[in-house]
Amino acid sequence: MKNPENLKVTVSGVRGVVGDTLTPELILNFTQAFGTYLKGGKVILGRDTRPTGPMVKHAVLAGLVSAGCEVIDIDICATPTVLMLVKKFKAAGGIIITASHNPVQWNALKFVNSSGVFLTETQIQTVINLYEKKDFVISGWDKLGSVKSYDKGIEDHINKVLAYVDINKIKKSKFKVALDCVNGAGSVMTPFMLNKLGCKMEAINMTPDGIFPHTPEPVPENLKDLCKLVKSKKADIGFAQDPDADRLAIIDELGNPIGEEYTLAVVVDYLLSKKKGKVVINLSTSRASEDIAKKRGAEVIRTKVGEANVVEGMIKHNALIGGEGNGGVIFPSVNFGRDSFVGIALVLQYMAETKKTLSEIVASLPKYKIVKTKLTLSKEKIEQALTKIKEIHKNDKINTLDGIKIDFENSWVHLRASNTEPIVRIVGEAPTTEEAAALCEKIKREME
Ligand code: MG
């Protein structure tokens with residue numbers, strides 16, 4: 001029996017459980033819809049290391065070739081690799097087969113448009129309409145598309161990233177780097193890049209078979225082995241990626257996770273020390289990046305939460321750098337999506353240039369702690385509660401672009417009602433965890 005909970009069709013694509021909702025037929029039809037939407041043309045195809053990848057890939061190939069597309073198959077690579085190659089090949093679009101940090105039984109299709117950006121809401125809706133009407137281009141034998149393997153995709157991507165650092169300078173530092181690639185796409189790509197940078201590697205979970213040795217989201221509670229590895233091998237730094245290697249978590253040389261918010265903050269600090277430019281982050285991202293930007297005279301633009309919204313803001317404002325607090329660094333010079341390789345390269349460059357340890361760099365940044373919590377309320381009560389908050393805080397600095405965000409002098413709180421559950425998500429930030437937690441509790445009481 002299929003569980004409808006096991007199929008998610010969202011702005012980021014279609015995601016399901018293999019053997020349940022994510023069937024070859026559904027993959028084929030969605031891909032036919034996408035190929036029809038593209039009206040043929042070149043499509044870059046990549047996948048993460050999940051064991052279900054080959055099955056999904058072959059259904060995708062059938063759909064795309066039938067719709068007349070010319071597929072360039074990269075096979076195993078990171079999500080940002082596909083984004084970058086769509087632009088390099090001036091392709092009509094791209095597909096990445098990955099369920100990111102979801103458990104192994106999940107897989108998904110993420111669709112990319114000709115700008116190397118994930119489809120917008122309107123674009124994905126057009127694809128969904130074609131899928132629902134089964135309104136597909138089905139080519140005859142002489143109009144079918146083609147499939148070509150391309151084995152330089154990873155190299156192209158890494159070379160593009162390394163064009164923004166001084167390779168010799170990093171080599172001279174002879175960094176010892178600890179790695180946890182969670183048996184994902186990073187297992188293949190990250191050693192390739194670090195070798196070019198002359199780093200010595202101490203790595204765990206480097207078998208590219210997609211059997212995740214721990215919960216694959218790169219948050220501190222899942223990275224205890226990496227922290228131990230950094231300490232036992234006396235590494236200069238530790239890096240952890242999620243299975244499709246778009247998100248990056250960093251461990252300092254003392255074995256402490258710096259927190260995903262600080263991945264972006266360190267990169268923003270480095271880039272703005274070199275170049276002027278705008279910074280685009282979402283409303284729930286740490287104020288650390290904002291304070292750094294202000295100190296360095298850069299403008300900061302806040303967007304709605306979600307990678308697509310941040311990217312949209314970055315394009316609109318011609319940003320130098322942007323991203324999200326979940327370890328998502330977006331550097332438009334390389335591509336328009338979160339890219340862990342950009343993060344790794346720029347952080348190593350920062351350390352090589354300043355000869356500072358990572359803990360010293362982090363200690364020089366503004367200090368904040370984020371607390372994330374939620375309040376369960378009936379759908380009707382949520383509306384009332386949010387109105388009440390607006391009334392109580394009418395004299396505070398309040399932003400209603402995406403839920404309610406209230407900025408105080410040294411802290412802020414952001415409230416967003418869930419679309420799917422009767423809850424309000426609450427994110428609070430302050431100089432200490434205790435203050436952030438107290439702020440969230442105060443807001444909860446005000447809502448009730
Ligand atoms: Mg991911």
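All residue numbers refer to positions in the sequence shown, counting from 1. Indexing begins at 1, ligand by ligand and atom by atom, following the structure's order.
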Trainee: I'd like to know if the side chain of Gln105 and the backbone of Val18 have a donor-acceptor N/O pair within less than 3.5 Å.
Mentor: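 Checked: no pair found.
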Trainee: If you count the non-hydrogen atoms of other residues, nucleotides and ligands that lie under 6.0 Å from CD in Glu312, is the total more than 12?
Mentor: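 Counting other residues, nucleotides and ligands, CD of Glu312 stays at 12 neighbours or fewer.
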Trainee: In terms of the angle between their ring planes, are Phe30 and Phe111 parallel, tilted or perpendicular, with boundaries placed at 30° and 60°?
Mentor: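 Parallel: the ring planes of Phe30 and Phe111 meet at under 30°.
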Trainee: Tell me whether Glu290 is salt-bridged to Arg302, with the criterion being a basic N under 4.0 Å from an acidic carboxylate O.
Mentor: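 Salt bridge present between Glu290 and Arg302.
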Trainee: Distance to the ring centre below 6.0 angstrom and angle to the axis at most 45 degrees; does that hold for Lys152 and Tyr150?
Mentor: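 Judged by the rule, Lys152 and Tyr150 form no cation-pi pair.
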Trainee: Report the residue from Ile44, Ile95, Val60, Leu64 that forms a side-chain contact (heavy atoms from CB on, under 4.5 Å) with Val71.
Mentor: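 For Val71, the side-chain contact (heavy atoms from CB on, under 4.5 Å) test succeeds with only one of Ile44, Ile95, Val60, Leu64, which is Leu64.
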Trainee: Leaving out waters, which are not shown anyway, how many protein N, O or S atoms lie closer than 2.8 Å to the Mg ion (ligand 1)?
Mentor: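 Count of protein N, O, S atoms less than 2.8 Å from the Mg ion (ligand 1): 4.
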